[in-house]
Amino acid sequence: MAAYKSELIQTLTSRGFLHQCTDLEGLDTKASQGTITAYVGYDATADSLHIGNLVSIMMLHWLQQTGHRPITLMGGGTTKIGDPSGRDETRVLVDDATINTRIASQKRGFSRFLKYGDGPCDAIIANNAEWLDQLQYIPFLRTIGPHFTINRMLTMDSVRLRLEREQPLSFLEFNYMILQGYDFVELTKRFGCTLQLGGSDQWGNIVQGVELGRRIAQTELFGFTCPLITTSSGAKMGKSVQGAVWLNADRFTPYDYYQFWRNTEDGDVVRFLKLFTTLPLDEIARLEKLTGNEINDAKKVLALETTRLLHGEAAAQDAAETARKTFEQGGIGDDLPTVEMTSADFGAGIPAWSLLQKAGLAETNSEARRLIRGGGAKLNDQKLDDENLNVQTSAAVNGMIKLSAGKKRHAIIKIS
RNA sequence: GGAGGGGUGGCCGAGCGGUCAAUGGCAGCAGACUGUAAAUCUGCCGACUUAUGUCUACGAAGGUUCGAAUCCUUCCCCCUCCA
């Protein structure tokens with residue numbers, strides 16, 4: 001492996017973060033000479049960060065670990081425009097209040113991975129609404145406008161692909177890349193930021209910022225992107241039973257998060273260990289040698305480490321323990337989703353399908369019925385054959401009824 | 001402003017007076033096979049205490065008809081082209 005001068009670039013490349021860089025050698029040199037300030041922008045498209053954001057967060061994590069200063073830029077301003085990159089449709093416009101709520105909620109996600117504060121390497125949080133909201137149209141156009149040509153903008157993937165597919169691209173969205181470029185320059189001014197990180201889909205926007213910096217501030221800026229993470233079967237990362245994989249525990253429990261990683265495809269395990277855990281590379285190399293059935297051990301490590309990073313040691317251990325009890329012993333783990341009910345709720349008994357719905361294993365009663373009919377439902381590990389089976393409190397073992405939908409989804413009804 | 005083309009279930013996309021809860025594909029769920037993997041095969045995939053039943057649904061509101069996603073009217077929204 002080609003050695004790099006800086007620990008930063010060495011780490012990022014060896015762990016598989018590099019996709020493209022505007023000037024890798026230059027950046028390497030600069031990083032070896034002193035502290036670099038770098039940022040990643042996050043638009044407030046939801047009230048929690050999700051797993052798609054995780055790669056870039058990990059990049060910031062390593063940035064900080066190798067002695068540099070990360071900035072998390074919240075897109076309070078740019079969210080009002082909507083990034084057209086990688087989308088065929090205009091994003092739904094959201095109001096200020098929603099954006100601010102989302103930003104506040106997202107912030108919690110970062111603190112697990114980055115240390116914020118006032119020290120030289122402490123992370124900074126910024127919000128581009130601070131400067132974008134104040135912009136005056138004419139002065140802005142006159143300072144920034146001359147540096148962007150429509151010719152160039154039309155060749156950007158985000159624009160070109162829309163046009164080729166004959167999907168509409170509004171003027172509003174068309175401006176997004178300009179604002180992102182401006183963000184970069186503004187962060188340079190305010191914090192001496194010289195590097196922007198992002199996913200490969202951000203390459204175009206990032207390059208615009210780098211060029212803008214050179215033109216109006218005569219500053220050399222760098223762009224660095226990581227690969228868009230897909231599973232080896234080509235699917236986008238982050239889809240799960242419940243939809244997106246969220247980082248906030250109230251939207252996606254530590255147990256679910258653990259299970260998400262536990263179910264990683266074989267071909268992805270090593271890549272994910274490098275990207276999403278902080279395990280040393282030689283340790284990962286050891287896990288890489290596992291084959292066949294043994295790969296499951298590597299998956300457990302992956303699940304434990306990722307969950308530990310996000311939710312902490314205790315939550316990770318609990319999740320692992322629950323998974324072990326549930327899958328390896330067919331028992332009941334403490335972290336399984338639990339619904340509390342009273343014996344009064346049961347009355348003379350509740351039909352099996354209704355119980356499945358109440359436990360959250362089926363969204364509707366019809367779905368619960370179908371699940372039972374399809375032979376996928378279990379009550380206390382016994383296959384349910386009769387969807388109308390009247391379940392009474394006597395079915396409980398130690399005050400608990402275990403319900404399962406398929407092999408992987410389990411829930412507990414606790415009766416008091 | 002003018003001309004043309006559209007709006008169908010989570011998405012794509014057929015249907016163009018009854019046989020339409022609506023073909024097909026994707027996504028999703030379950031079963032089989034496995035290793036809590038992938039691939040493959042099979043079933044399910046609007047809701048309702050499951051009923052040869054009811055209700056909701058093909059942009060919105062009216063109308064024609066025994067009967068409309070399909071025809072007519074008005075309205076809303078989107079796209080393409082011309083200027």
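Chain identifiers are assigned alphabetically (A, B, ...) following the order of the sequence lines, protein sequences preceding nucleic acid strands; residue numbering begins at 1 within each chain. Because the structure is predicted, anything quoted here is derived from the model rather than measured.
- A distance of 11.0 Å separates CD of A:Gln317 from OG1 of A:Thr322, quoted to the nearest 0.5 Å.
- In terms of polar N and O atoms assigned as donor or acceptor, the side chain of A:Lys300 never comes within less than 3.5 Å of the base of B:U36 in a complementary pairing.
- With P as the reference atom, B:A21 and B:A57 are 14 Å apart, rounded to whole Å.
- Using a 4.0 Å heavy-atom cutoff across all strands shown, A:Thr364 reaches sugar-phosphate atoms only and no base atom.
- Remark: B:A14 base-pairs with no nucleotide; criterion is Watson-Crick or G-U wobble with both hydrogen-bond distances under 3.5 Å.
- Note on A:Asn365: a side-chain N or O is less than 4.0 Å away from OP1 or OP2 of B:C48.
- Ion pairing between A:Asp381 and A:Lys378 fails under the 4.0 Å rule for side-chain N and carboxylate O.
- Checking B:C45, B:A30, B:U36 against the side-chain heavy atoms of A:Leu371 singles out B:A30 as nearest.
- Comparing B:A38, B:A47, B:U49 by their nearest atom to the side chain of A:Ser366 picks out B:A47.
- Nucleic acid contact for A:Thr264: sugar-phosphate only, since backbone atoms but no base atoms lie under 4.0 Å from a heavy atom of the residue.
- For the pair A:Lys378 NZ and B:U36 P, the interatomic distance rounds to 12 Å; values are reported in whole Å.
- Between A:Tyr182 and A:Phe140, the ring centre distance stays below 6.0 Å.
- Remark: the backbone N or O of A:Leu273 is paired with a side-chain donor or acceptor of A:Thr277 at under 3.5 angstrom.
- Residue contacts for A:Gln259: at a heavy-atom cut-off of 4.0 Å it reaches a base atom on one of the strands shown.
- Within the structure, every side-chain polar atom (N or O) of A:Arg373 is placed at least 4.0 Å from both OP1 and OP2 of B:G31.
- A:Asp183 and A:Thr78 are not linked by any side-chain donor-acceptor pair at a separation below 3.5 angstrom, with hydrogens and angles left out of the test.
- With rounding to whole Å, A:Asn293 atom CG is found 6 Å from B:G35 atom P.
- Nucleotides B:A27 and B:U40, compared at atom P, are 10 Å apart to the nearest Å.
- Comparing the C1' positions of B:C16 and B:G2 gives an interatomic distance of 28 Å, to the nearest angstrom.
- Proximity of A:Leu275 to A:Met58: side-chain heavy atoms (C-beta onward) are nowhere separated by under 4.5 Å.
- Toward the 5′ end of RNA chain B lies the nearest nucleotide of A:Glu328, the other residue of the pair A:Glu328 and A:Pro351 mapping further downstream.
- At the heavy-atom level, A:Gly267 lies nowhere under 4.0 Å from the strands shown.
- Nucleotides B:U8 and B:G59 have their C1' atoms positioned 10 Å apart, rounded to a whole Å.
- Across all strands shown, B:A69 remains unpaired; no Watson-Crick or G-U wobble contact has both distances below 3.5 Å.
- Across all strands, A:Ala323 comes closer than 4.0 Å to base atoms (heavy-atom distances).
- With both ends at atom C1', the span from B:G10 to B:G53 equals 28 Å, rounded to whole Å.
- Note on A:Lys408: a side-chain N or O is less than 4.0 Å away from OP1 or OP2 of B:A37.
- Taking for each of A:Ile295 and A:Arg369 the nucleotide of RNA chain B with the nearest heavy atom, the 5'-most of the two is the partner of A:Ile295.
- Per the geometry, CG belonging to A:Asp268 stands 14 Å off P belonging to B:A37, to the nearest Å.
- Across the strands present, B:U19 finds no partner; the criterion is a Watson-Crick or G-U wobble pair with both atom distances under 3.5 angstrom.
- Of the P atoms belonging to B:C71 and B:C77, the separation is 22 Å, rounded to the nearest Å.
- Base pairing analysis places B:U52 opposite nothing; no Watson-Crick or G-U wobble pair with both distances below 3.5 Å involves it.
- The partner of B:U40 is B:A32, judged by Watson-Crick or G-U wobble contacts that both fall below 3.5 Å.
- As a whole-Å value, the separation of A:Glu367 CD from B:G43 P is 19 Å.
- Searching all strands for a Watson-Crick or G-U wobble partner of B:U64 with both distances below 3.5 Å returns nothing.
- B:A14 and B:C26 have their C1' atoms separated by 15 Å, with the value rounded to a whole Å.
- The aromatic ring centres of A:Phe327 and A:His410 sit less than 6.0 Å apart.
- Nearest to the side-chain atoms of A:Arg370 among the listed nucleotides B:A47, B:A38, B:C29 stands B:A47.
- Distances from the side chain of A:Arg409 to the nucleotides B:A37, B:C33, B:C29 place B:C29 closest.
- Checking B:U49, B:G35, B:C33 against the side-chain heavy atoms of A:Lys407 singles out B:C33 as nearest.
- Between B:A22 and B:C45, the two C1' atoms lie 14 Å apart (nearest whole Å).
- Looking only at atom types and distance, the side chain of A:Asp83 has a donor-acceptor partner in the side chain of A:Gln202 under 3.5 Å away.
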